[in-house]
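Below is one structure, written out as structure tokens, with a few remarks after it.
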Amino acid sequence: MSLPPSPFIALITGGSSGIGLELSRQLIQQGNHVWLVARRPDRLAEALETLRAERVSPNQRVGMVPADVADPVQAQAAVERVILEIGLPDLVINSAGFARPGYFLEQEMDFLHTMMDVNYWGTLYITRAVLPGMIRRGSGHVVNIASESGFLGLMGYVGYTATKFAVAGFSDALRAE
């Protein structure tokens, strides 16, 4: 994948912590504009301050949109807000997700459902919201964060593994389209 020349616009879900935050920091340090989407406004605000401090140019723009990507209405609204505030992203990184280890029979079905909603459906909702604009423009990249668990089942991570297999399968099929 070759990215457009910097500065480009990146939208990163799950950008308030973990892999999403680290990727955001790297993109900011390369001179790009970065918008974060995550559920918790307090953690988003902290991440935003980190990114502002690491900008290499005062012309770089950073922003945040509090949203739960597991909710299709919030996911769509988040993408629309980013487009309104800075423009259609050149790069979308779907990094929102979580795992909690535990044996399958010891985990509540509601929890497993919530994990699938965030890890898998959140990826689909954001992608579906941004992809039509990228297709019209004729450019753009979507990166979906899976994990080793998306290719190899891990004991104690049945629910998480299922979500990441779904993300990996979705990504492979979408790439073919």
Side-chain angles (χ1 to χ4, degrees), residues 1 3-4 8-30 32-52 54 60-100 113-135 139-150 159-160 162-175:
M1 172 178 81
L3 293 173
F8 59 80
I9 300 168
L11 180 158
I12 302 177
T13 70
S16 64
S17 64
I19 293 170
L21 179 57
E22 182 56 33
L23 291 171
S24 299
R25 293 178 68 214
Q26 290 179 27
L27 289 169
I28 274 292
Q29 292 166 5
Q30 294 169 6
N32 300 295
H33 308 291
V34 176
W35 249 248
L36 306 176
V37 176
R39 288 176 295 165
R40 295 184 44 202
D42 56 330
R43 291 189 67 182
L44 270 172
E46 290 174 21
L48 196 61
E49 287 308 309
T50 297
L51 296 182
R52 283 190 177 124
E54 294 186 9
Q60 282 177 270
R61 296 184 59 197
V62 296
M64 66 178 211
V65 180
D68 182 353
V69 298
D71 178 333
V73 173
Q74 288 186 46
Q76 179 70 38
V79 169
E80 289 173 1
R81 184 164 159 203
V82 170
I83 291 169
L84 181 66
E85 290 183 14
I86 191 165
L88 181 66
D90 300 290
L91 172 66
V92 172
I93 299 176
N94 286 304
S95 182
F98 68 97
R100 182 174 19 153
H113 194 278
T114 298
M115 194 165 22
M116 184 63 83
D117 287 345
V118 173
N119 296 6
Y120 174 67
W121 287 107
T123 296
L124 268 65
Y125 296 147
I126 292 293
T127 301
R128 187 156 193 149
V130 76
L131 205 53
M134 288 180 167
I135 290 169
S139 67
H141 298 281
V142 176
V143 175
N144 298 326
I145 304 294
S147 115
E148 178 182 9
S149 293
Y160 179 73
T163 71
K164 293 306 181 173
F165 261 84
V167 169
F170 166 70
S171 300
D172 285 345
L174 185 61
R175 181 176 26 259

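Just the heavy atoms: all of them, side chains too, but no hydrogens, waters or symmetry mates, feed the values below.
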Next item on the list: Count the heavy atoms belonging to other residues, nucleotides or ligands that lie under 6.0 Å from CG of Leu131, then report whether that count exceeds 12.
Entry: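 More than 12 heavy atoms, drawn from other residues, nucleotides or ligands, come within 6.0 Å of this atom.
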
Item checked: Under the side-chain hydrogen bond (donor to acceptor under 3.5 Å, both in side chains) test, residues paired with Glu49 that sit two or more places apart ->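 Arg52.
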
State whether the side chain of [X] and the backbone N or O of [Y] hold a donor-acceptor pair below 3.5 Å, judged by distance alone.
X	Y	value
Arg61	Glu85	yes
Thr13	Ala96	yes
Glu54	Ile28	no

For the student: nearest non-hydrogen atoms of [X] and [Y], plus distance:
X	Y	value
Ile145	Lys164	O-NZ, 3.0 Å
Leu91	Phe8	CD2-CE1, 3.8 Å
Leu44	Ala38	CD1-O, 3.3 Å
Ala146	Tyr160	O-OH, 4.3 Å
Pro66	Pro41	CB-CG, 4.0 Å
Met115	Ala99	SD-CA, 3.9 Å

Value rounded to 0.5 Å, distance of [atom1] in [X] from [atom2] in [Y]:
X	Y	atom1	atom2	result
Leu124	Phe170	CG	CZ	4.0 Å
Met116	Trp121	CE	CH2	9.0 Å
Asp117	Tyr125	CG	OH	6.5 Å

Under a 4.5 Å cut-off applied to non-hydrogen side-chain atoms, are [X] and [Y] in contact?
X	Y	value
Asn32	Asp90	no
Arg40	Ser16	no
Leu36	Leu51	yes
Leu27	Ile93	yes
Val143	Leu23	no

Notebook entry, point to check: Going by distance alone, is a donor N or O of one side chain under 3.5 Å from an acceptor N or O of the other, for Glu22 and Gln26?
Noted result: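 A pair is found: one side chain offers a donor N or O, the other an acceptor, under 3.5 Å apart.
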
Note to self: For a quick check under 3.5 Å, do Ser171 and Asn144 share a side-chain donor-acceptor pair by atom type?
What the structure shows: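 Yes, Asn144 and Ser171 have a side-chain donor paired with an acceptor closer than 3.5 Å.
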
Check: Of all residues at least two apart in sequence or in a different chain, which pass the salt bridge (charged side-chain N to carboxylate O under 4.0 Å, His left out) check with Glu46?
Finding: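 Counting only residues at least two positions away or on another chain, Glu46 forms no salt bridge (charged side-chain N to carboxylate O under 4.0 Å, His left out).
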
Notebook entry, point to check: With Val34, which of Leu11, Leu48, Ile9, Ile12 fulfils side-chain contact (heavy atoms from CB on, under 4.5 Å)?
Noted result: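 Testing Val34 for a side-chain contact (heavy atoms from CB on, under 4.5 Å) against Leu11, Leu48, Ile9, Ile12 leaves exactly one candidate, Ile12.
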
